Amino acid sequence: MTTEFQTDVSVSKANVDTINIGKRLKVKRLELEFDERHVATELKIPIDQVRALESNNFKYFRSTTFARGFLKSYCRLLGVEPSEILNAFDAELADAEPTIKPVDKVNKQTHLGDPIVMLVSVVIVAVLVFLVFWWPAQSNKDFEAAGTNVEASSENTASAANDEREAPVLSNEANEPEVIAEVVSDKQPQATSEVTEESLEQGDVVTGLSAETMAILEEAGVSPEEVVRATAEVPAELATETKAPSYSNDVVVTFDADCWTEVRDASGKILFSGVKSAGSELTLTGKAPYRVVLGYAKGVSSLKYKGEDFDFSSFTRKDLARFELK
């Protein structure tokens with residue numbers, strides 16, 4: 001195993017088999033009045049491994065290298081010459097059955113003659129044939145069927161269009177008098193029908209007053225023509241009633257201290273983002289609603305939205321204000 005093992009085996013081969021390694025270590029330990037815990041502490045190993053060494057249970061360790069190293073350290077701790085102990089240990093390992101055995105049988109590699117390989121090959125070939133021949137043919141059939149349906153649909157559409165062209169077209173002038181005659185009251189059906197026909201022939205605009213309404217207005221002494229004229233004319237007062245806004249900008253902010261400010265419009269576009277100094281003013285106009293953030297709300301002396309003062313104190317938390325102007 002090592003050079004030390006090769007040199008020592010030839011020296012005392014006859015006496016090696018008579019040595020009980022664990023018993024000799026335990027007797028020497030008791031002579032020195034060392035307990036197992038003291039040995040474990042000095043060797044820096046668990047007590048169970050100390051007991052395994054003294055009971056010749058070397059298979060307890062992960063490998064023979066660890067067991068041999070612990071034996072050597074144990075001998076040095078007890079003041080015992082380690083060569084004789086190690087020779088006995090190596091001899092015991094040499095007599096033990098080797099853990100590595102030769103391999104008698106080696107599985108043969110799979111070749112093309114195996115049934116499994118042949119079966120897999122047949123399946124793969126079948127799938128390839130399916131993809132190469134059947135699938136394109138099926139796709140062509142589906143395409144031809146779709147083309148046939150499109151042609152039939154086109155023929156049906158063309159025939160329907162021909163039928164519509166051959167159908168007689170009724171004149172609006174012949175139908176409208178009948179409809180109007182049905183809606184008009186029974187009191188003056190003939191007069192209403194005549195007025196309507198004349199108005200349609202002359203191209204005049206028919207008023208929204210029915211025959212009953214016109215009769216009621218005449219009984220009250222009001223001329224229906226004046227009512228129609230009055231509804232058609234737009235009073236000048238109404239035309240001038242819409243006034244221009246009294247403000248020129250939607251948002252006007254006045255600052256009396258430095259304040260970081262950001263304003264976004266309805267589309268999310270940033271109209272302003274930065275620090276406004278004391279004594280400055282910010283005027284903005286965009287698309288409402290506006291989202292406003294004031295980094296130092298106390299620095300804003302006034303905020304007007306569409307000409308009116310806006311109180312944002314309820315939206316302020318620790319000098320930071322977030323609100324929306326709708």
Side-chain angles (χ1 to χ4, degrees), residues 139 142-143 146-147 149-150 153-154 157 160-161 164 172 175-176 179-180 183 199-200 203-210 212-214 216-217 220 222-326:
S139 300
D142 295 341
F143 180 76
N149 295 333
V150 171
S153 173
S154 301
T157 305
E164 291 180 357
N172 291 333
N175 294 334
E176 288 182 356
V179 176
I180 296 174
V183 176
S199 62
L200 290 173
D204 297 337
V205 178
V206 180
T207 64
L209 299 178
S210 64
E212 294 181 355
T213 304
M214 295 174 64
I216 294 173
L217 292 176
V222 179
S223 175
E225 296 178 356
E226 293 181 359
V227 173
V228 174
R229 191 182 305 110
T231 55
E233 296 177 356
V234 179
E237 296 179 357
L238 295 177
T240 58
E241 185 176 356
T242 304
K243 297 181 181 180
S246 59
Y247 56 88
S248 58
N249 294 283
D250 288 354
V251 181
V252 179
V253 187
T254 305
F255 301 88
D256 56 2
D258 294 346
C259 176
W260 182 87
T261 306
E262 181 179 286
V263 181
R264 296 173 180 261
D265 63 0
S267 64
K269 178 182 178 182
I270 299 177
L271 302 180
F272 178 82
S273 179
V275 178
K276 296 294 292 183
S277 59
S280 62
E281 186 179 71
L282 176 63
T283 57
L284 297 172
T285 299
K287 185 178 180 181
Y290 302 92
R291 288 177 293 174
V292 183
V293 180
L294 302 175
Y296 182 63
K298 293 181 179 180
V300 177
S301 58
S302 68
L303 189 151
K304 292 186 177 181
Y305 178 56
K306 294 186 177 181
E308 297 182 358
D309 292 332
F310 181 80
D311 185 11
F312 55 86
S313 59
S314 59
F315 304 99
T316 304
R317 297 291 183 276
K318 295 182 179 180
D319 296 337
L320 177 65
R322 296 173 179 267
F323 53 90
E324 191 176 72
L325 299 175
K326 300 181 180 180

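The model shown is predicted, which means the values in this text are computed figures rather than measured ones. For reference, positions follow the sequence shown, starting with 1.
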Legend entry - Atom of Val251, atom of Tyr290 and distance for their closest heavy-atom approach: CG2-CD1, 4.1 Å

Legend entry - Shortest non-hydrogen contact from Val300 toward Cys259: CG2-SG, 4.3 Å

Tell me which donor-acceptor pairs under 3.5 Å the side chains of residues 316-326 have, and how far apart each pair is, sequence neighbours excluded?
from, atom 1, to, atom 2, distance (Å)
Thr316, OG1, Phe312, O, 3.0
Arg317, NH1, Ser314, O, 3.2

Legend entry - Reference residue Val263; test side-chain contact (heavy atoms from CB on, under 4.5 Å); the match among Leu294, Val293, Asp250, Val292: Val292

Inset, instruction - Determine, step by step, whether Phe310 and Phe315 satisfy the side chain to side chain contact (heavy atoms under 4.5 Å, CB included) criterion, reporting the C-alpha distance in whole Å, the side-chain angles of both residues, the deciding distance to 0.1 Å, and the verdict. - result: CA-CA 11 Å; Phe310 181 80; Phe315 304 99; 4.0 Å; yes

Legend entry - Interatomic spacing from CD in Glu281 to OG in Ser301 - rounded to 0.5 Å: 9.0 Å

Residues 267-277, side-chain donor-acceptor partners within the protein, below 3.5 Å, at least two apart:
from, atom 1, to, atom 2, distance (Å)
Ser267, OG, Asp265, OD1, 2.9
Ser267, OG, Asp265, OD2, 3.3
Ser273, OG, Glu262, OE1, 3.4

Inset, instruction - Apply the side-chain contact (heavy atoms from CB on, under 4.5 Å) test between Val253 and each candidate in Thr261, Leu303, Thr283; give the one that qualifies. - result: Leu303

Legend entry - Asp258 side chain vs Ala278 backbone, donor-acceptor pair below 3.5 Å: yes

Legend entry - Separation of Thr254 OG1 from Lys304 NZ (nearest 0.5 Å): 7.5 Å

